[in-house]
Amino acid sequence: AISACEKGGAWTKALKIFSDMSASRAEIDTITYNSSISACQKGGAWSEALELLNEMVSRRVERDTITCNAAVSACQKGGAWVQALGILAAMVAN
């Protein structure tokens with residue numbers, strides 16, 4: 001469902017579904033986070049994308065190339081270059 005929202009440009013709906021999943025204690029994996037971050041990226045919601053990325057770190061959910069690419073793209077779209085460079089630096093460090 002989150003992926004469908006992402007493809008349809010409905011990033012707020014994607015985040016609502018994500019929030020509902022989290023509240024119901026459903027297992028949220030890398031793919032779910034990636035779809036949510038990508039939805040934010042397509043909607044120009046870079047700060048929300050970074051919140052999800054930071055949540056992945058705190059919950060110890062594995063990040064992959066897709067995760068970082070979507071988060072960097074979200075920052076690029078929002079003109080948040082410092083944050084984008086921080087993501088890249090963290091990716092290289094890991």
Side-chain angles (χ1 to χ4, degrees):
I2 292 174
S3 184
C5 292
E6 170 203 346
K7 289 178 176 80
W11 69 272
T12 55
K13 189 170 276 195
L15 290 183
K16 171 70 171 115
I17 293 167
F18 183 92
S19 176
D20 291 347
M21 288 177 67
S22 185
S24 70
R25 301 197 192 287
E27 184 178 337
I28 301 176
D29 60 8
T30 302
I31 294 169
T32 305
Y33 273 102
N34 287 351
S35 294
S36 300
I37 292 170
S38 291
C40 291
Q41 179 266 325
K42 290 180 179 168
W46 66 271
S47 63
E48 287 82 354
L50 288 184
E51 286 179 29
L52 290 169
L53 181 63
N54 290 331
E55 187 177 306
M56 287 181 82
V57 173
S58 67
R59 290 189 177 188
R60 295 189 173 113
V61 176
E62 184 178 345
R63 296 164 314 238
D64 59 16
T65 304
I66 294 168
T67 310
C68 294
N69 186 42
V72 167
S73 293
C75 291
Q76 177 268 323
K77 198 169 191 178
W81 289 104
V82 171
Q83 290 82 354
L85 291 173
I87 294 166
L88 291 172
M91 190 172 140
V92 169
N94 291 329

(Q) Let me confirm one number: the NZ-OG distance from K7 to S38, rounded to the nearest 0.5 Å. (A) 9.0 Å

Q: Nearest 0.5 Å please: distance from the OG atom of S19 over to the CD1 atom of I28.
A: 8.5 Å

Among residues at least two apart in sequence or on other chains, which ones pass salt bridge (charged side-chain N to carboxylate O under 4.0 Å, His left out) with [X]?
X   : answer
K16 : D20
K13 : none
R59 : E55

Q.
List the residues meeting side-chain contact (heavy atoms from CB on, under 4.5 Å) with A1, not counting sequence neighbours, and say none if there are none.
A. I17

Q.
Per the ring pair (Phe, Tyr, Trp, His ring centres under 6.0 Å) rule, what does the pair list look like for residues 51-93, sequence neighbours excluded?
A. none

Is there a side-chain contact between [X] and [Y] (heavy atoms, below 4.5 Å)?
X   : Y   : answer
M56 : T30 : yes
Y33 : T67 : no
E27 : T32 : no
N34 : D64 : yes

Hey, quick one: are [X] and [Y] part of the same hydrophobic cluster, counting side-chain heavy atoms closer than 4.5 Å, chains of contacts allowed?
X   : Y   : result
I37 : M21 : yes
L88 : I66 : no
M91 : V61 : no

**Q.** Under 3.5 Å donor-acceptor, S22 side chain and F18 backbone
**A.** no

Q. So, for C75 and I87, which heavy atoms are closest and what is the spacing to 0.1 Å?
A. SG-CD1, 4.0 Å

Q. If you take all heavy atoms of V72 and A84, which pair is closest and at what distance?
A. CG2-O, 3.9 Å

Q. Should we say atom CD1 of I31 is surrounded by more than 12 heavy atoms from elsewhere, each under 6.0 Å from it?
A. no

Tabulate below the donor-acceptor pairs under 3.5 Å that side-chain atoms of residues 39-49 make, not counting sequence neighbours, or state none.
residue, atom, partner, partner atom, Å
K42, NZ, E6, OE2, 3.1

